[in-house]
Participant: 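Here it is, the structure in full.
First listed ligand is number 1; within each ligand, the first listed atom is number 1. Sequential numbering from 1 along the given sequence is applied to the chain's residues.
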Amino acid sequence: MDLTARAIEGSRQDFYIANERVAPKSGRYIPSYDPTNAEPWYEVADAGAEDVDTAVQAAKKAFADPAWRRLTQTDRGKLLRRLADLVAEHADELAAIETRDNGKLLKEMHAQLRAAPDSYLYFAGMADKLQGDTVPVNKLDMLNFTLREPIGVVGMISPWNSPLMLLTGTLAPCLAIGNTVVVKPSEHTSASTLALAELIARAGFPAGVFNVVTGNGATAGEALTQHRDVVKIAFTGSTATGRRIAANAASRLVSCQMELGGKSPHVVFGDVDLDRAVNGVVAGVFAAAGQTCIAGSRCFVEAGVYEAFVERLVERTQRIRIGHPTDPETELGPLALAAQLDKVEQYVGYGIADGARLAIGGRRPQREALAKGWYYEPTVLADARNDMRFMRDEIFGPVVGVVPFRDETELMALANDTNYGLAAGIWTRDIDRAMRFARNVDAGTVWINTYRSAAFMSPSGGFKESGYGKRGGFEVMREFSRLKNVVVDYSGATQDPFVIRLR
Ligand code: NDP
């Protein structure tokens, strides 16, 4: 099967269940739009609860099937390595599909997709390293040990901003552990996940190990998170949806791994090379047109360099090249959805109404060539306050608020005065200060003199309303496996049946 964007253009994309294309029971399809011209470019099957059930049953069957269940961990690792090779082979095609779907820069999606094989390789290497412990207990004729086991069918709901990179972070470990998966990608960006399903089948994973149902969050997503045979949910998306999914999961007493929104503080002290810090702040909030959960959208600058910093930030922002995401010169493409554009405009309006100073941006680009797409200029709102509405809510667009601070005490109060706790960044040459910040800030990831530097080897995940549970590193292997304690009595003795054996 051809995995290029050209092959997808104008097509109807069915679900991928048990290594086969399956049409929706309702016969309904929904359009997916190209953000550069707001035109539909393919249709995706719209799942109802029955379709979701078919996928979950396939995953449940595969979990019990010896073809997967009895596969050795070494062989699971080999399958993942084969998948890594296939993803590497098709990385450019997958990147092109994602750019067409979400409007993110082709060079950014290339970077993500070319790194994806390394992630599969990393977790392929983990497949045979998930081990339990022998527990020394005060019973000399007993063996007490733990087993790490797969958990069953994992439901994954992935967002539109980086579909495969975010999915890989939980999918690769789940396959390494021996779980089976049903994923519901965002209705706006389903094509790359369906293409990945094809590669997973080609790699030789047994039917039902990986399944894709597509459609609306409120129907397909809801049916997946409420399904009684889904034992864990991995969700990346907004805090509002995360809260709803967590409530569904709680009613069935299943756990979740939640990577939700952010409103990350990005701090600049006066002792740094200001141009380097400006570059970092630009990377933190304008890369991906601000559509990243880790966006450093609240920028705090030491009062002594505040004016100079804002001036340079505006100057650099002015030079950002807005354009078509496939043009290698482009630095800022369109927003992924019309709704995102509306949201960004609304929040910039709130900022100005609340008294922030529009230093640059604050409108759609005026160029005729961009008129049909969902483009928005990178926007700096200076002289902001942390209590302004646009500084409280996640916007998910190219908008940064800049606030001066006097000292570290004030800075820490401002930085932590947010409902979120996903990431934070600081630019300073003072290592003591940097370490105090790292210790005291409520954020799952802290960057010192860098920003937006990610690695699948390191555990990431937020605090507070940014979610819970980790992805990355060995932590994610614990997150998606279960720990069982086994006790063996080899004393041959008969114990008093009415007394618990504590010694
Ligand atoms: P959502 O949180 O609504 O969507 C994320 C995923 O959840 C999508 O696959 C969506 O499907 C699905 N979904 C939606 N409702 C439900 C539900 N009731 N049950 C199960 N799944 C559901 O984000 P949006 O796409 O609407 O974006 C809105 C905001 O979310 C953004 O402005 C941004 O603030 C934030 N966001 C954060 C992300 C992050 O990386 N932390 C990623 C994406 C968004 P569908 O798209 O088909 O509705």
Participant: Please state whether Gln291 comes within less than 4.0 angstrom of ligand 1, counting heavy atoms only.
Facilitator: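 Heavy atoms of Gln291 never come under 4.0 Å of ligand 1.
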Participant: Against heavy atoms of Ile245, which atoms of ligand 1 measure under 4.0 Å?
Facilitator: 19 (N), 20 (C), 21 (N)
Participant: Counting only non-hydrogen atoms of the protein, does one fall under 4.0 Å from atom 24 (P) of ligand 1?
Facilitator: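 Yes, there is one.
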Participant: Indicate, as side chain, backbone, both or neither, the part of Leu260 found under 4.0 angstrom from ligand 1 when only non-hydrogen atoms are considered.
Facilitator: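 For Leu260, the contact with ligand 1 is made by the backbone alone.
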Participant: Roughly how far, to the nearest 0.5 Å, is the CH2 atom of Trp374 from the CG atom of Asp342?
Facilitator: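 Those atoms lie 10.0 Å apart.
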Participant: Tell me the protein heavy atom at minimum distance from atom 20 (C) of ligand 1, and give that distance in Å.
Facilitator: Gly221 C, 3.2 Å
Participant: Please identify which atoms of ligand 1 are closer than 4.0 Å to at least one heavy atom of Lys343.
Facilitator: 31 (C), 32 (O), 34 (O)
Participant: Which ligand 1 atoms are under 4.0 Å away from a heavy-atom of Arg244?
Facilitator: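 Answer for ligand 1: 18 (N).
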Participant: Return the residue, atom name and 0.1 Å-rounded distance of the protein heavy atom closest to atom 29 (C) of ligand 1.
Facilitator: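 Checked against all protein heavy atoms, atom 29 (C) of ligand 1 sits closest to Ser238 CB, 3.7 Å.
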Participant: Would you mind telling me if ligand 1 is within reach of the side chain of Ala220, the backbone, both or neither, using heavy atoms under 4.0 Å?
Facilitator: neither
Participant: Could you tell me how the ring of Tyr350 sits relative to the ring of Tyr347: parallel (under 30°), tilted (30 to 60°) or perpendicular (over 60°)?
Facilitator: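 The rings of Tyr350 and Tyr347 stand perpendicular, inter-plane angle above 60°.
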Participant: Can you list every pair that meets salt bridge (Lys or Arg N to Asp or Glu O under 4.0 Å) and has a residue in residues 26-47, with sequence neighbours left out?
Facilitator: Arg12-Glu43, Arg28-Asp46, Asp34-Arg100, Glu39-Lys372
Participant: Between Tyr420 and Asp442, does the side-chain hydrogen bond (donor to acceptor under 3.5 Å, both in side chains) criterion hold? Intermediate values first, please.
Facilitator: CA-CA 8 Å; Tyr420 296 106; Asp442 289 334; over 6 Å; no
Participant: Starting from atom 26 (O) of ligand 1, which protein heavy atom do you reach first, and at what distance in Å?
Facilitator: Trp160 NE1, 4.7 Å
Participant: Within this structure, what is the CZ-CG distance for the pair Arg321 and Leu105, rounded to the nearest 0.5 Å?
Facilitator: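 Result: 10.5 Å between the selected atoms.
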Participant: Name the option, out of Thr225, Ile157, Thr241, that contains the heavy atom nearest to atom 16 (C) of ligand 1.
Facilitator: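 The option holding the nearest heavy atom is Thr241.
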Participant: Under 4.0 Å from any heavy atom of Asn216, which atoms of ligand 1 are there?
Facilitator: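 The atoms of ligand 1 under 4.0 Å from a heavy atom of Asn216 are 47 (O).
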Participant: Quick check on Gln346: does its CD atom have over 12 non-hydrogen neighbours (other residues, nucleotides or ligands) under 6.0 Å away?
Facilitator: yes
Participant: For atom 13 (N) of ligand 1, what's the nearest protein heavy-atom neighbour? Residue, atom name and distance, please.
Facilitator: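 Scanning the protein heavy atoms, the shortest distance from atom 13 (N) of ligand 1 goes to Gly217 CA, 3.4 Å.
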Participant: Just to confirm my output: which protein heavy-atom neighbour is closest to atom 45 (P) of ligand 1, and how far is it?
Facilitator: Glu187 OE1, 3.3 Å
Participant: Roughly how far apart are Ile8 CD1 and Leu194 CG, rounded to 0.5 Å?
Facilitator: 8.0 Å
Participant: Over 60° means perpendicular and under 30° means parallel, so classify the ring planes of Tyr451 and His266, tilted if in between.
Facilitator: parallel
Participant: Find all atoms of ligand 1 within a distance of less than 4.0 Å from any non-hydrogen atom belonging to Gln340, and give their numbers and elements.
Facilitator: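 Those qualifying, in numeric order: 31 (C), 32 (O).
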Participant: Find all atoms of ligand 1 within a distance of less than 4.0 Å from any non-hydrogen atom belonging to Pro159, and give their numbers and elements.
Facilitator: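 Heavy-atom distances to Pro159 below 4.0 Å select 42 (C), 43 (C).
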Participant: Could you report the tightest heavy-atom contact between Ile151 and Phe63, atom names first, then the distance?
Facilitator: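 What the structure gives for the nearest pair is C-CZ, 4.0 Å.
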Participant: With a cutoff of 4.0 Å, is Gly215 in contact with ligand 1, counting heavy atoms of the residue only?
Facilitator: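 True for this residue.
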Participant: Between the candidates Gly397, Gly261, Gly262, Ser186, which shows the shortest non-hydrogen contact distance to atom 46 (O) of ligand 1?
Facilitator: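 Checking each option, the heavy atom nearest atom 46 (O) of ligand 1 is found in Ser186.
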